[in-house]
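If you're wondering where the values come from, they're calculated on a predicted model, not measured in any experiment. We number each residue from 1, following the sequence as shown.
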Amino acid sequence: MTPVAAHPLTWVEVDVAALAHNVAVLRAAANSGGRRSGQPGAGAPLLCAMVKGNAYGHGLLVAGRALVAAGVDWLGVGDVGEALALRQAGVDLPLLAVCHIAANQMDEAVACDLRMVVYDAQTVAAAAAAGLAAHPNGPPVRLHLKLDTGTNRQGVSGPAAVALAGLIVRTPGVQLEGVSTHFANIEDTTDHRFARRQLERFAADLAAIRTALGAAGEPPQPLLVHASNTAAVMLSPEVCGDLVRFGIGAYGLCPSNETLVSARECGRSTVDLRPALTWKTRIVQLRAVPAGEWVGYGCTWRTVRDSRLAVLPVGYYDGYDRRLSGVGQVLVGGQRAPVVGRVAMNMIVVDVTDSPAVQAGDEVVLLGRQARAAQGEAEQVEPEQISADEMAAWLGSIHYEVVTRINERIPRVAV
């Protein structure tokens, strides 16, 4: 792991109050859907905040600790490494791995009491062997069967799902703790017929599993049933089930414009999410460049006036995408400044000609908010903002990619 400088030139600030606010908002939305379905007599759905992908770019440990403090019930990870890091940091909440865990990773997975999604007999066998080796007399490794209801990625369905559920229940060393699925098309559209069909398939397979286990004489399984993500919580809290796996919403980002439109149409526009991430750097050099000079690699941009240019120590290695060349903007002194020339590996150049007060060493916001100077004593000015959605539009991508691709070596600081 790359050592972190005491005073980094580029860093990410994570607003822990915003994370706590988002958890509270999403909990209220999930609770509005009613009681949990799979546990008779149980209360509101459990909240599983997804921290995979370095907590969607917000920093696994910084965001993980803040989400625990905000009261989430579980954390969702992508791999064993993330689970080990959280355990070593003292996080003792249930951890659910939603991606594949290989057989040669099972010993570590069991050692950190990792729950895991499964969809094949080989993984079940590997988990059972590792569980029995570590705990001959229990507790079992807790598994969550993934039902494929239309995404056609991970999962099983129909008779194969029923058979795998039966195998898990009969196998010593493991326990069928949950059954889950994942929506394919709930964020990207205002037409949610496909999502409803997925729920119908999910309910049918779940019923078949329970019927088959009962017919085989297996005792009733108190399963945690879960399908909902952030968009589902916002749009259909009545289907939240026993566990809600929410990711992007925890960090204050709405899943999509379509989700926002759909939420307003069904009267749920009060789901007020607050972005938690601000990506910052500093000006390391100011240059006076006369008109007619080329800037950066490839001579792709030329000054048309006598210009004042600022060099920033961030580039595509850091996650500031090369596609932002000549397109992106940053905030300097509360004003927008365009990126000029190509984004290089470790630096970019921005035009600050129209911000004469800017000095070397000044703080620059690449993503997030920055206060603007008021023109009068009584004037209140809203901060200027470059949102993840806006940057994604520049890139022709989605805000998920924008935040998760910020290089992990860049320090995340809780504020």
Side-chain angles (χ1 to χ4, degrees), residues 1-27 47 49-72 75 82 85-86 89-91 93 230 246-254 272-284 312-314 318-320 329-336 358 361-374 380-391 399-400 402-415:
M1 184 174 180
T2 305
V4 177
H7 303 286
L9 292 174
T10 302
W11 70 100
V12 169
E13 294 179 355
V14 179
D15 184 344
V16 296
L19 293 178
H21 167 84
N22 297 332
V23 169
V25 166
L26 290 167
R27 185 182 291 281
L47 295 190
M50 301 306 301
V51 292
K52 64 177 183 173
N54 199 29
Y56 289 50
H58 292 65
L60 176 66
L61 298 185
V62 169
R65 290 188 179 109
L67 291 166
V68 171
V72 300
L75 293 178
E82 291 173 342
L86 289 166
V91 174
L93 290 186
T230 298
F246 63 92
I248 200 74
Y251 307 102
L253 302 176
C254 183
D272 170 36
L273 301 174
R274 298 178 185 173
L277 182 148
T278 305
W279 186 8
K280 295 182 176 182
T281 189
R282 293 190 183 278
I283 296 173
V284 294
L312 310 181
V314 63
D318 305 285
Y320 198 82
Q329 299 175 11
V330 304
L331 303 180
V332 189
Q335 297 183 12
R336 289 180 177 244
V358 167
D362 281 359
E363 194 172 274
V364 177
V365 169
L366 305 169
L367 187 63
R369 295 174 181 267
Q370 189 179 60
R372 291 186 289 178
Q380 292 185 351
V381 181
E382 285 294 317
E384 182 63 86
Q385 178 181 16
I386 294 175
S387 69
D389 290 288
E390 182 177 16
M391 187 175 285
H399 52 7
Y400 290 80
V402 167
V403 293
T404 57
R405 290 188 63 198
I406 301 173
N407 196 312
E408 290 190 28
R409 77 176 182 88
I410 295 174
R412 271 64 171 179
V413 181
V415 298

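Between atom CD of residue Q385 and atom CD of residue E390 there is a gap of 8.5 Å, rounded to the nearest 0.5 Å. The CE atom of M391 sits 6.0 Å away from the CD1 atom of I386 when rounded to the nearest 0.5 Å. Distance CE/M50 to CG/L67: 11.5 Å, rounded to 0.5 Å. One distance of note links CG of N54 with CZ of R405; it measures 14.0 Å at 0.5 Å rounding. Summarising the geometry, atom CG belonging to L9 is positioned 10.5 Å from atom CG belonging to L312; distances are rounded to the nearest 0.5 Å. A distance of 9.5 Å separates CZ of R372 from CZ of R336, quoted to the nearest 0.5 Å.
Between L331 and G368 the shortest heavy-atom distance is CD1-O, 3.6 Å. Residues A49 and V72 share a closest heavy-atom pair of CB-CG1, 3.9 Å. Contact between R27 and G71 at its shortest, heavy atoms only, is NH2-O, 2.6 Å. What you find for L75 and G64 is that their closest heavy atoms are CD1-O, 4.4 Å. Taking each heavy atom of T10 and P313 in turn, the nearest pair found is OG1-O, 3.3 Å. Pairing each heavy atom of V51 with each of E82, the nearest pair is O-OE2, 4.2 Å.
A 4.5 Å side-chain heavy-atom check between H399 and Y56 finds every atom pair outside the cut-off. A heavy-atom distance below 4.5 Å is found between the side chains of L86 and L60. Between E384 and V365, the closest side-chain pair of non-hydrogen atoms is not below 4.5 Å. In this structure, W279 and V330 have side chains that are not in contact, with every pair of non-hydrogen atoms separated by 4.5 Å or more. For the pair L277 and I406, the minimum side-chain heavy-atom distance is below 4.5 Å. Counting only heavy atoms from C-beta outward, the side chains of R274 and V25 never approach each other to under 4.5 Å. L26 is listed as a side-chain neighbour of L273, based on a closest heavy-atom distance under 4.5 Å. Contact check for D318 versus R409: side-chain heavy atoms found under the 4.5 Å cut-off.
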For this session: Evaluate side chain to side chain contact (heavy atoms under 4.5 Å, CB included) for Y251 paired with N22, printing each intermediate quantity in order.
Result: CA-CA 7 Å; Y251 307 102; N22 297 332; 5.6 Å; no
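Checking side-chain atoms of R412 against main-chain N and O of L61 turns up no donor-acceptor pair under 3.5 Å.
Tested against V12 for a side-chain contact (heavy atoms from CB on, under 4.5 Å), the candidates I410, V415, V413 yield a single pass: I410.
Remark: K280 engages E13 in a salt bridge, criterion side-chain N to carboxylate O under 4.0 Å.
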